[in-house]
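Sequence lines set the chain letters: A, B, ... in the order given, protein chains first and strands last, and positions in each chain run from 1. Quick note: numbers below take in every heavy atom, side chains included, and nothing from hydrogens, waters or symmetry partners.
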There are 2 protein chains.
Amino acid sequence: MKTKVIRLASRPQGLPTAAQFQFDTLDLPATGAGQVLLKTRYVSVDPYMRGRMNEGKSYVPPFEVGAPLAGGVVAEVIESQHEALPVGSVVVGNLPWQEYILSDGKGLNRIPTDKAPVSYFLGLLGMPGLTAYFGLLDICQPKAGETVVVSGAAGAVGLIVGQLAKIQGARVIGTAGSDEKVAYLRQLGFDEAINYKTTPDIAQALAAAAPAGVDCYFDNVGGAITDAVYDLLNKHARIALCGQISSYNDTETPVGPRPETKLLKTSARLQGFIVGDYFSRWPEGVQQLTEWYSQGKLQTEETITEGFDQIPAAFLGLFKGDNTGKAIVKVS
Amino acid sequence: MKTKVIRLASRPQGLPTAAQFQFDTLDLPATGAGQVLLKTRYVSVDPYMRGRMNEGKSYVPPFEVGAPLAGGVVAEVIESQHEALPVGSVVVGNLPWQEYILSDGKGLNRIPTDKAPVSYFLGLLGMPGLTAYFGLLDICQPKAGETVVVSGAAGAVGLIVGQLAKIQGARVIGTAGSDEKVAYLRQLGFDEAINYKTTPDIAQALAAAAPAGVDCYFDNVGGAITDAVYDLLNKHARIALCGQISSYNDTETPVGPRPETKLLKTSARLQGFIVGDYFSRWPEGVQQLTEWYSQGKLQTEETITEGFDQIPAAFLGLFKGDNTGKAIVKVS
């Protein structure tokens, strides 16, 4: 059995390009005892993957040059010698970018096909949803009436953060990079949404949107937006540091106003995190998100690109802000 | 009754000078019902007072131009019409910079005279000791075998932080600004002490002193030392943000490498705090510090300047690193 595979051709300097992705063909052996053959249905592309393309330790080990790229994948079992995963099962797991995958089943989670579109297990009901859930509810802990700011609010994580904050009764302000995204955020129930690309003075716009100051900040972006939010923090503010997409492609450490004095003056808490820190509580998170989704309290949005060969383009689009909500590639 | 008083003459731009301090004489009325007349014995000078000289909200309200400066003072009751504070009582409180003070007793704490030198209630057993206690034990929570870095380690707070970390069984690294201070830190039991003024490469020196990385950072200083520590953080590092003396006299927001990505990669927690955040737990802190002191587990050091008129000079000396341990002015 042959499958297409996408390998990391070389480590990017700055913004990745198509040159970083090497398409290849792989021979898969016959499905053996205890194994399943998977047909890939949806591939997730996520900003954190950019970090794995660099050398050096980070919160996840780097991709190896020449090895397949990998990430969240929803796939269907098309051959099985694995008791718990019969043919027709749909699974989600951290899997290589291949059209077909041979697996021993370890690390695969079987997902229901009747609760939600299966691609949602790469978004709302998967890693991004859990990131929003734990980052907001465990780190930020917004209370009713408090003000929450979310940067990258129209991204896969951000749009869930904002809705979760509304469920908690908070006032929610989101930043995003297009008027369409801003309109979508308002439709989702965000109290204020700011197009940071067209707003002449983001600090002034945030201050106007948050007259009572900022109690919680869920940061996906970093840079100038974050600088402005730090100036608006209330006493005992909580900051969940989830992503810094504005600097992922920087080749040198970005420089900016030092935040420490602002955090000191407000007795603020800033917590870096990855969803893996909450691994033991994932079932709780999935259950709660599924419940709110089925009650109509959570909506989501996907930007779906079609075709295995378009995975690199979909990934590169993340850094141009192409996606509203979860960026997904539909493979089959 | 007449008393000398020191008022804030004007708000400093950058480093304060003698011009900011206006000596004056004040007439005190006779001690009335419920009041005590205090004779000042020791005045505390502390870096945080610099922040109070600026306009604008911070964690404590600003000093008013023309009003007396104020802070931690140990004083003796020399006239009393207050039942709980008979003549001869020694008290500590947040009081104006005056040789004599009329008080209604509110906010004064009577201190024992047989447990420790009374000036220690401005240091080891007072605000700086409690700052070290809660910042290290509540925020950093060092475990035996972990590595703790303290900046400004020979200051009033830092030298207690280091000793508390040793009591917890941690490896302790301190930074300070003179060879004498470094020698003192080693004598106190610090595992490593670095003179940041003479070390050519502070990042390299810290990396060499912390081969297993940094689990806890207690920051009194900010700037280049902090940048270097951020590069050494272990997964789930805890940072207590206590002071930023390197930038207190800056007239513009200092600029430096953005720390967010480093904090994100390590799931680090950074908590700004002031000792007032722990007000309800002060008795616990004083009791524990007193116990460790009486058991010989905690030592302290004071830099004592003599004479009421020398208060401004002692305060200004803080920003030149004149003091080892607590800077105190002995008034009478």
Side-chain angles (χ1 to χ4, degrees), chain A residues 48 50-51 54 56-60 134-135 139 151 213 217 219-227 230-231 233-248 250 252-278, chain B residues 48 50-51 54 56-60 134-135 139 151 213 217 219-227 230-231 233-248 250 252-278:
Chain A
Y48 81 86
R50 174 63 186 84
N54 293 335
K57 77 169 179 183
S58 180
Y59 48 82
V60 277
F134 292 113
I139 297 174
S151 61
Y217 179 41
D219 187 16
N220 294 303
V221 173
I225 295 170
T226 295
D227 296 340
Y230 287 159
D231 281 325
L233 297 178
N234 288 332
K235 184 85 181 166
H236 297 301
R238 291 84 66 194
I239 300 164
L241 200 51
C242 176
Q244 292 282 292
I245 198 171
S246 71
S247 68
Y248 285 170
D250 288 354
E252 292 184 8
T253 303
V255 164
R258 292 186 183 275
E260 286 83 358
T261 297
K262 296 169 189 174
L263 300 172
L264 177 53
K265 283 185 178 177
T266 52
S267 294
R269 187 180 72 228
L270 185 155
Q271 174 80 61
F273 80 107
I274 57 167
V275 68
D277 297 338
Y278 292 91
Chain B
Y48 81 86
R50 175 62 186 84
N54 293 336
K57 76 169 182 184
S58 180
Y59 48 82
V60 277
F134 292 112
I139 296 173
S151 61
Y217 178 40
D219 188 15
N220 294 301
V221 173
I225 295 170
T226 295
D227 296 339
Y230 287 158
D231 281 324
L233 296 178
N234 288 331
K235 183 85 181 166
H236 296 301
R238 290 84 66 195
I239 300 165
L241 199 51
C242 176
Q244 293 282 293
I245 198 170
S246 70
S247 68
Y248 285 171
D250 288 353
E252 292 183 9
T253 303
V255 164
R258 292 186 183 274
E260 286 84 359
T261 296
K262 296 169 189 173
L263 301 172
L264 178 53
K265 283 185 179 179
T266 53
S267 293
R269 186 181 71 227
L270 185 154
Q271 174 79 60
F273 80 108
I274 59 165
V275 68
D277 296 337
Y278 292 91

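Contact of the Asp277(A) side chain with the Lys235(B) side chain is registered, since non-hydrogen atoms from C-beta on lie closer than 4.5 Å.
To the nearest 0.5 Å, atom CD1 of residue Ile274(A) and atom OG1 of residue Thr266(B) are 10.5 Å apart.
The candidate with the highest count of non-hydrogen atom pairs below 4.5 Å against chain A, out of Leu241(B), Leu263(B), Thr226(B), is Leu241(B). Ranked by heavy-atom pairs under 4.5 Å with chain B, the first of Glu252(A), Lys262(A), Arg258(A) is Arg258(A). When each of Gly222(B), Ala237(B), Gly276(B), Gly223(B) is scored by its heavy-atom pairs under 4.5 Å with chain A, the top score falls to Gly223(B).
Summarising the geometry of Leu264(B) relative to Gly243(A), their closest heavy-atom pair is CD2-CA, 3.7 Å, with the distance given to 0.1 Å.
Aromatic ring orientation, Phe134(A) versus Tyr278(A): parallel (interplanar angle below 30°, classes split at 30° and 60°).
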